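All of these numbers come straight from a predicted model, not from anything done at the bench. Both counts, for ligands and for their atoms, begin at 1 and track the order of listing.
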Amino acid sequence: MDSTCSQLTEVTAFAPATIANLGTGFDLIGLAIEGPGDTVCVRRVDTPGVLISKIEGDKQALPLHPEKNTAGVAALAFLKEYPIEKGVQLEIKKNMPLCSGLGSSSASAVATVKALNTLMGNPFSNEKLLEFAREGERIASGAAHLDNVAPSLLGGITYIENEYPIRIQSLPFPDDLYFAVITPSIEIHTGEARKILPKEVPLNKVIEHSRNVANMLLGFLQKDLEKLKSTFVDCYIQTHRTRLIPFYDEVIKQALCEGALGAGISGSGPSLFAACISEKKAKDIVLKMAHTFQENQQEVRYFTSPVNSQGAMIIKST
Ligand code: HSE
């Protein structure tokens with residue numbers, strides 16, 4: 001098979017950062033945010049296969065070898081199902097800290113498959129693109145979880161209804177929902193943060209967790225902020241990770257005291273989020289959350305964001 005229908009030679013796509021889990025929705029729920037994200041330029045070249053020619057913004061931490069790089073693996077998965085005679089070259093621009101809990105590996109994988117699909121004349125559906133992108137997650141963290149790649153590609157708040165085959169539901173959300181996000185200057189590898197999770201969960205915790213997830217879905221579907229409020233609490237999974245993040249209890253308590261709807265670890269951390277009912281509230285709360293780190297002379301980045309409804313987008317094609 002070769003792409004005869006597309007005359008394009010080069011496509012650049014952007015894919016946004018994401019907040020996965022939202023506390024209780026471990027591996028199930030995630031959302032896209034505005035601001036940070038990765039840009040990938042995919043170019044047709046004569047050399048067969050996938051070549052990563054350049055990565056910017058990673059402080060030389062990421063491998064150029066396509067089989068070891070999340071974007072490279074996603075591109076290889078795409079081309080396995082859509083073989084071409086020649087090859088493609090990738091240029092990756094990272095615009096978020098690595099291992100920060102904001103879906104850095106998924107943003108690169110998603111931008112890659114989005115750009116590739118456009119370059120080849122859109123042969124694949126979004127579900128298929130997610131299949132390819134999750135292979136990038138598998139190489140990055142050892143688990144092909146979808147709760148970062150789905151919102152990064154599709155935008156909004158997404159619920160992973162089914163993994164094999166992939167079915168994603170986009171959840172409605174209140175217009176003024178805003179997020180405060182802080183990123184301490186430590187790195188947490190998702191693979192490591194998954195290894196510390198218990199393999200078995202007591203029955204009473206399963207029931208509590210199921211109720212939280214169900215209530216979170218109801219809260220979004222009914223746009224009921226009161227119902228959403230209690231659901232960001234994760235009763236069993238996140239609790240095993242909090243020890244990896246300095247000042248976790250203090251910062252979360254502060255966000256809740258200041259009126260956040262809920263707060264917790266973004267993905268596998270170390271970023272922390274607080275869900276807020278307005279932009280103003282988010283701006284006030286993010287300063288308070290960051291202050292705890294600053295008064296302890298610890299570096300922290302912070303920003304606020306609405307939910308990014310658009311998801312990945314093509315920014316240039318020639
Ligand atoms: N659901 C994944 C985890 C998200 O928590 O391990 C990682 O960003």
Side-chain angles (χ1 to χ4, degrees), residues 15-33 36-38 62 70-71 73-74 94 96-111 130 133-154 157-164 166 168-169 171 179 181-184 186-199 201 205 209-210 212-213 216-217 231-245 248 252 262-273 275 305 308 311-312:
T18 42
I19 298 175
N21 299 339
L22 291 189
T24 202
F26 179 77
D27 278 4
L28 295 176
I29 300 176
L31 60 87
I33 49 179
D38 291 353
L62 296 176
T70 174
V73 168
K94 310 275 318 165
M96 70 176 105
L98 306 183
C99 301
S100 62
L102 295 174
S104 163
S105 52
S106 79
S108 291
V110 166
L130 290 175
R134 81 164 154 204
E135 293 310 314
E137 288 291 52
R138 198 190 301 280
I139 203 84
S141 73
H145 59 89
L146 291 160
D147 52 341
N148 291 108
V149 286
S152 184
L153 180 69
L154 305 171
I157 305 181
T158 55
Y159 166 61
I160 314 303
E161 184 190 321
N162 201 58
E163 288 195 337
Y164 297 93
I166 294 176
I168 309 292
Q169 289 286 339
L171 300 174
F179 286 81
V181 182
I182 66 162
T183 305
I186 54 169
E187 289 189 352
I188 294 181
H189 292 265
T190 300
E192 297 304 315
R194 292 181 81 88
K195 276 190 203 142
I196 63 170
L197 299 178
K199 296 285 169 280
V201 180
K205 294 289 176 193
H209 186 79
S210 308
N212 277 340
V213 176
M216 177 172 270
L217 291 177
T231 68
F232 292 95
V233 181
D234 167 84
C235 64
Y236 204 65
I237 296 165
Q238 185 168 276
T239 44
H240 290 271
R241 290 175 167 174
T242 56
R243 64 182 164 82
L244 304 175
I245 304 169
Y248 174 84
I252 298 300
I265 304 175
S266 174
S268 58
S271 292
L272 301 174
F273 75 90
S305 170
N308 168 338

State the atoms of ligand 1, each with its element, that fall below the 4.0 Å cut-off from a heavy-atom position in His145. 2 (C), 4 (C), 7 (C)

Answer with side chain, backbone, both or neither: which part of Gln238 has a heavy atom less than 4.0 angstrom from an atom of ligand 1? neither

Distance-only side-chain donor-acceptor flag, Thr18 / Asn148, under 3.5 Å: yes

For Arg241, atoms of ligand 1 separated by under 4.0 Å from a heavy atom: 3 (C), 5 (O), 6 (O)

Hey, does Thr190 come in under 3.5 Å of ligand 1, counting only N/O atoms on both sides? no

By number and element, which atoms of ligand 1 are closer than 4.0 Å to a non-hydrogen atom of Phe26? 3 (C), 5 (O), 6 (O)

Are side-chain N/O atoms of Thr190 and Ser268 paired as donor and acceptor at under 3.5 Å? yes

Hey, are Ser108 and Asp38 close enough side-chain-wise for a donor-acceptor pair under 3.5 Å? yes

At what distance is the nearest protein heavy atom to atom 8 (O) of ligand 1, and which residue and atom is it? Asn148 OD1, 2.8 Å

Counting each atom of ligand 1 from 1 as listed, which ones have a heavy atom of Asn21 under 4.0 Å away? 1 (N), 2 (C), 3 (C), 5 (O)

Donor-acceptor side-chain pairing of Ser105 and Glu137 below 3.5 angstrom: yes

Near Asp147 (heavy-atom distance under 4.0 Å), the atoms of ligand 1 are 1 (N), 2 (C), 4 (C)

Mind checking whether Ile237 contacts ligand 1 via backbone (N, CA, C, O), side chain (CB onward), both or neither, at a 4.0 Å heavy-atom cut-off? neither

For a side chain to side chain contact (heavy atoms under 4.5 Å, CB included) check, start with the C-alpha distance between Leu102 and Ile33, then their side-chain angles and the critical distance, and finish with the verdict. CA-CA 9 Å; Leu102 295 174; Ile33 49 179; 4.3 Å; yes

cation_pi(Arg194, Phe26) dist<6.0 Å, angle<=45: no

Within the distance-only criterion (no hydrogens, no angle test), does the side chain of Arg134 pair as donor or acceptor with the backbone N or O of Glu163 below 3.5 angstrom? yes

Ligand-residue contact atoms, ligand 1 with Gly267, heavy atoms, under 4.0 Å: 5 (O), 8 (O)

Worked check of side chain to side chain contact (heavy atoms under 4.5 Å, CB included) between Tyr159 and Asp147: CA-CA 8 Å; Tyr159 166 61; Asp147 52 341; over 6 Å; no

Please write down residue, atom name and distance for the protein heavy atom closest to atom 6 (O) of ligand 1. Arg194 NH1, 2.7 Å

Closest protein heavy atom to atom 1 (N) of ligand 1, given as residue, atom name and distance to 0.1 Å: Asp27 OD1, 2.5 Å

